[in-house]
Amino acid sequence: MALGRYNRVDNNNNKSSSYCSTVTIVIFMGLCLVGIWMITSSWVVPVQNGDDPAEEKKNQLKDQVETVIVDSNDRDNKPQFEDKPNDLRKDGPEKDLDVSLAKDKGKANLAAEENKEKTEEAKWDKSKKDNQQFNSVGGEKNIYNSENLGGQGSENNNEKPHSIKDDMKSGSDNAEKKGDESTSRTYGDKVDKNDDKVSDKRSADQVKKKSSNEDSPKGDKMFDKSFVDQVKKSSNEVFPKGDKVDKNNDNGFDKSSDSQVKKSSNEDAPKGDKVFDKSFDDQVKKSSNEVFPKGDKVDKNNDNVFDQSSDSQVKKSSNGVFPSVAQPELLNETMIQNGSFTTQAAESNKEKNAQSSSDSSSKDYNWKLCNSTAGPDFIPCLDNCEAIRNLPTNIHYEHRERHCPEVPPTCLVPLPEAYKFPIEWPKSRDKIWYKNVPHSKLVKFKGGQNWLKITGDYLTFPGGGTQFRRGALHYIDFIQKAVPDIAWGKRSRVILDVGCGVASFGGYLFERSVLAMSLAPKDEHEAQVQFALERGIPAVSAVMGTKRLPYPGTVFDIIHCARCRVPWHIEGGKLLLELNRLLRPGGFFLWSATPVYQLKAQDVEIWKAMIEQTKAMCWELVNKTSKEPINKVAIATFRKPTSNECYEQRSQQEPPLCPESDDPNAAWNVPLQTCMHKVPLDPSERGSKWPEEWPARLEKSPYWLLSSQVGVYGKAAPEDFAADNEHWKQVVTKSYMQGMGINWSSVRNVMDMKAVYGGFAAALKDMNLWVMNVIPIDSPDTLPIIYERGLFGIYHDWCESFSTYPRSYDLLHADHIFSRVKKRCNFVAVVAEVDRILRPGGKLIARDDVETITELENMVRSMHWEVRLSYSKDKEGLLCVQKSMWRPTEVETLTYAIA
């Protein structure tokens, strides 16, 4: 039956027997009643003392939970509790007085109470110890912890957690008060998920109690609904439907590659991922009520969000962790097995983990400044001077290829002197700060071709190039007029620009809705790729040498070479055959070099060799223009065949067809082959059809993704693709755009470090930016899907440095990449690489398991980065940080990088 909250239900026989004794005692002691009251006033007066935390908290309650306490003699009755806020007014000090007087009703009851006191006193001691552990772990490292609903306990370390029993037993002695608190978990309690099965109603009761009693000093209200409602909302908004956490796995992940990727999706399922819906400042104020459950704390001065819990606390689940504050003493042990009490083994293990986590969080990182010949432009895998000196030959540009050091650097690359925050796009296309890329050699070499000029504090880019001195746009339109089938921005969306220079061609193609992957080596054309990236134009440092380029086969709509200085015709056309691997069937090769339009002997000889080579490869010469009047250059356009008929009819099988075992998509450190791959003919095979026109191709599942195939996240491939696409729309729109304090107008160069289907990049399609989609070499090979959507990307091994200059990107997105990489790589070196390629003021958004996020946060804090947001739920964490200008003073000399 539902009784008053603080009523005590005693055994009827006890009530009858004690009644007569009580009457006799009252008659005999009538004249001494006042004296007895004075003697016992030390037990009763604190109940009415306004300074008593329990009474003060009780008076503040607006919505409470009723509890029926079952006497130890009535073990057949089950505890009951209801949500009746209206009953609170009935529970005044007179109820507490009844409880106090009940102590005089008999020695049996008193003995029971004393036993209870001893048991609960022991529990309180353990709870206080856990609370101290929690506070010691918190410190400066604060991550949003949605599971730790009592997370504000650190604000008053000396105040015991308040429970309903404080009010119920406020008329008892101090020892009894301590005992009453033990049945509810303290803020830092670590509860074993497999042992603690608590109903949603108990969790709701607990949350209501704690949300009233543990408000922050500023009066922040962390909850205005029941835990059940909040959990539903949180699960829909932050970690949407589909969230599956392995509660038996401390890392929350399957170690296999596919399972790991599944987890990265399930961590934010595609529906309703609503983390923020206002500006960052507004969201921080309301996040505790709308998104982040009670216990989350926000540093309002720094716009930083921190976590006050240890690693093990963050890993709690939302349903099996929180014992109800309103839960009575466990009198009937046959009702449940472990109930709200953990086992000693579980408590001991969790305490060890907490101490281990605390030790890890306090780890010091001794960052040093890299000393290399390249200085502020150091690219570890391209500036390995020792490896380059030991090369047997460089006839095939081996010295421009990647030669990564055996031990990746863990030092930080210095900044150029007087470095400034980059100029924002679109102004950056035309000018950049000279001090950011202080190289003038290229101005002398290419100034007459309108590549770039020095104008005061700026490097300016008139928009010219070797083959389009009067401007790239006129050159682009000239190509369209010569070959109407190109259809810039519709049929032709993703192109490869070989030998790009400062990438003005790619920079102006944005006006035609075309993405250009600009490619150039780090050579005597000093910092040309760095100029491109500083301008906000996508580019990578690479060379066509002895290995395949790090892209899958048949993905580029067009490949362009404007006097790119690549000897296509030599050695059986080996380099041209690499373009054949990359080009879609039906795709175009645009070549505007001097052999196309000049009549010098060498040019004529090269042109003749090119015609023979392309004919042997079955490429069709679609058009060879005459010199256009403005730039005075001509263009030759070749098209790759769409069938194998020509290959079969050749009189000489030279170059030969590649064996069936040769995978055209295998591209990471694979030597070049002098052969051609057949054109796919099966209608369900990739490459047999041209993609949909842009922008329809972005949203549509590729025709070659079949329902019989299993996607990365375990669903049928087309369904998997659609779910991922919808998921990232929700995350980007409702979280990244509004809730992280990012000024997206200043974001231009973006990298997704593990892109999967490219959903993150697709969700940003309306922004004035571009995304380099990286597919790690140990992840499912989904890069062809990304190209099919009209996006671009590259393969990479994150145990090595990326082929880009320092300070290249405004934002890095890392979705469950670090937890995988650190299993086989030096995690400190990976973070140092992140620091290298990210600009000062740039942002890193990382989503991963809590252990990894905690470790990452500690590292970036040690580099003086600003933590903008840190949030965790069910073993999953979200971190947004901003790189600072800080550089260490201690220097580390990299002997292999000294020329």
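Note: hydrogens, waters and symmetry copies are ignored here, and every other heavy atom, side chains too, is used. Position 1 is the first residue of the sequence; numbering continues from there.
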Practice task
State whether the side chain of Ser492 and the backbone N or O of Trp488 hold a donor-acceptor pair below 3.5 Å, judged by distance alone.
Solution key: no
Exercise for the section: To the nearest 0.5 Å, tell me how far Gln882 CD sits from Ile845 CD1. Expected result: 11.5 Å
Practice task
Mind listing the closest non-hydrogen atom pair of Ile785 and Pro702 along with its distance?
Solution key: CG2-CG, 4.1 Å
Exercise for the section: Mind running side-chain contact (heavy atoms from CB on, under 4.5 Å) on Ser684 and Trp704 for me, showing each step along the way? Expected result: CA-CA 5 Å; Ser684 63; Trp704 40 270; 5.8 Å; no
Problem - side-chain contact (heavy atoms from CB on, under 4.5 Å), paired with Leu844, selected from Leu879, Leu811, Leu856 - result: Leu856
Practice task
Please say which of Glu424, Glu511, Glu534 ends up in a salt bridge (charged side-chain N to carboxylate O under 4.0 Å, His left out) with Arg429.
Solution key: Glu511
Handout entry: salt bridge (charged side-chain N to carboxylate O under 4.0 Å, His left out) assessment of Arg820 paired with Asp849
Key = CA-CA 10 Å; Arg820 301 187 59 177; Asp849 63 73; over 6 Å; no
Handout entry: Sub-4.5 Å side-chain heavy-atom contact between His813 and Trp728
Key = yes
Handout entry: salt_bridge(Lys873, Glu876) N-O dist < 4.0 Å
Key = no
Handout entry: Where Pro683 and Ser688 come nearest, the two heavy atoms and their spacing
Key = O-OG, 3.5 Å
Problem - Near-ring test Trp668/Tyr551, centroid separation under 6.0 angstrom - result: no
Completion exercise
On a heavy-atom basis, the closest approach of Thr852 and Ser819 is OG1-CB, 3.4 Å
Problem - Test of ring centre spacing under 6.0 Å for Phe792 and Phe556 - result: no
Exercise for the section: Taking the side chain as every heavy atom from C-beta outward, state whether Ile786 and Ile775 have any atom pair closer than 4.5 Å. Expected result: yes
Exercise for the section: Please answer whether the main-chain N or O of Tyr805 pairs with a side-chain N or O of Ser808 as donor and acceptor at a distance below 3.5 Å. Expected result: yes
Practice task
For side-chain contact (heavy atoms from CB on, under 4.5 Å), just list the numbers for Leu496 and Leu582, CA-CA rounded to whole Å, side-chain angles, deciding distance to a tenth of an Å, and then say yes or no.
Solution key: CA-CA 9 Å; Leu496 177 66; Leu582 298 172; 3.9 Å; yes
Exercise for the section: With sequence neighbours excluded, tell me which residues meet side-chain contact (heavy atoms from CB on, under 4.5 Å) with Gln709. Expected result: Leu705, Leu706, Ala717
Handout entry: Heavy-atom donor-acceptor pair, Lys843 side chain to Gly841 backbone, under 3.5 Å
Key = yes
Handout entry: Gap separating the CG atom of Leu869 from the OG atom of Ser735, nearest 0.5 angstrom
Key = 7.5 Å
Problem - Residues forming a side-chain contact (heavy atoms from CB on, under 4.5 Å) with Pro552, sequence neighbours excluded - result: Val555, Asn665, Leu783, Pro784, Tyr787, Tyr795
Problem - Distance-only polar pair, side chains of Arg535 and Ser504, donor-acceptor under 3.5 Å - result: yes
Exercise for the section: Provide the closest heavy-atom pair for Leu509 versus Ala516 in the form atom of the first, atom of the second, distance. Expected result: CD1-CB, 4.2 Å
Exercise for the section: Can you sort out the partners of Ser801 under side-chain hydrogen bond (donor to acceptor under 3.5 Å, both in side chains), two or more places apart, ordered by chain and number? Expected result: none
Problem - Six-ring centre of Phe421, Arg807 cation under 6.0 angstrom, axis tolerance 45° - result: no
Problem - CG-CE distance between Leu549 and Met517, expressed to the nearest 0.5 angstrom - result: 10.0 Å
Practice task
For Asp497 and His560, test the side chains for any donor-to-acceptor distance below 3.5 angstrom and give the result as yes or no.
Solution key: yes
Practice task
Taking atom types as modelled, find out whether Arg402 and Ser803 have a side-chain donor-acceptor pair closer than 3.5 angstrom.
Solution key: yes
Practice task
Please state whether the rings of Phe802 and Trp798 are parallel, tilted or perpendicular, taking 30° and 60° as the class boundaries.
Solution key: parallel
Practice task
Establish, from distance only, whether the side-chain atoms of Glu857 and Ser870 form a donor-acceptor pair under 3.5 Å.
Solution key: yes
Handout entry: NZ/NE/NH1/NH2 to OD/OE distance under 4.0 Å, Glu693 and Lys700
Key = no
Problem - Which residues share a salt bridge (Lys or Arg N to Asp or Glu O under 4.0 Å) with Arg686, sequence neighbours left out - result: none
Practice task
Measure the shortest side-chain to side-chain distance between Val731 and Arg847 over non-hydrogen atoms and say whether it is less than 4.5 angstrom.
Solution key: yes
Exercise for the section: Scan side-chain atoms only and decide if Asp724 and Tyr713 contain a donor-acceptor pair under the 3.5 Å cut-off. Expected result: yes
Handout entry: Rounded distance [0.5 Å steps], CD in Gln730 versus CG in Asn725
Key = 10.5 Å
Handout entry: Side chain proximity check, Asn773 to Phe760, heavy atoms < 4.5 angstrom
Key = no
Handout entry: From CA spacing to verdict: salt bridge (charged side-chain N to carboxylate O under 4.0 Å, His left out), Glu866, Lys883
Key = CA-CA 7 Å; Glu866 179 186 357; Lys883 179 181 174 180; over 6 Å; no
Fill in the blank from the handout: Heavy atoms of Gly507 and Trp425 approach each other most closely as O-CH2, 4.1 Å
Practice task
Flag the pair Trp694 / Lys490 as yes when at least one side-chain heavy-atom distance between them is below 4.5 Å, and no otherwise.
Solution key: no
Problem - Counterpart residues, ring pair (Phe, Tyr, Trp, His ring centres under 6.0 Å), relative to Phe588 (two or more places apart) - result: none
Practice task
Verify, without hydrogens or angle tests, whether Asp810 (side chain) and Arg748 (backbone) share a donor-acceptor contact under 3.5 angstrom.
Solution key: yes
Handout entry: Check: Arg836 and Thr804 side chains under 4.5 Å, non-hydrogen atoms
Key = yes
Handout entry: Working for side-chain contact (heavy atoms from CB on, under 4.5 Å), residues Lys822 and Glu851
Key = CA-CA 12 Å; Lys822 73 177 187 177; Glu851 180 184 355; 4.2 Å; yes
Practice task
Decide side-chain contact (heavy atoms from CB on, under 4.5 Å) for Val834 and Leu812; before the verdict, give the C-alpha distance in whole Å, the side-chain angles of both, and the deciding distance to 0.1 Å.
Solution key: CA-CA 8 Å; Val834 168; Leu812 301 182; 3.6 Å; yes
Exercise for the section: Classify the side-chain pair Lys754/Ser779 by whether it contains a donor and acceptor separated by less than 3.5 Å. Expected result: no
Problem - Backbone N/O of Leu533 and side chain of Asn749: donor-acceptor pair under 3.5 Å - result: yes
Handout entry: Salt bridge Asp778-Lys823, side-chain N to carboxylate O under 4.0 Å
Key = no
Practice task
Sort and list the pairs that fulfil salt bridge (charged side-chain N to carboxylate O under 4.0 Å, His left out) and have at least one residue in residues 549-560, not counting sequence neighbours.
Solution key: Asp557-Arg584, Asp557-Arg697
Exercise for the section: Can you see which heavy atom on Arg789 is nearest to which on Tyr757, and at what distance? Expected result: NH1-O, 2.9 Å
Handout entry: Note, Val831 side chain near Asp835 side chain (heavy atom, < 4.5 Å)
Key = no
Problem - Flag, side chain of Trp770 to backbone of Ala761, donor-acceptor distance under 3.5 Å - result: no
Handout entry: Row check, Tyr703 ring normal vs Lys689 NZ/CZ: under 6.0 Å, within 45°
Key = yes
Practice task
Indicate yes or no: at least one non-hydrogen side-chain atom of Arg868 is less than 4.5 angstrom from one of Met740.
Solution key: no
Exercise for the section: Drop me the distance from Glu788's CD to Trp690's CH2, to the nearest 0.5 angstrom. Expected result: 10.0 Å
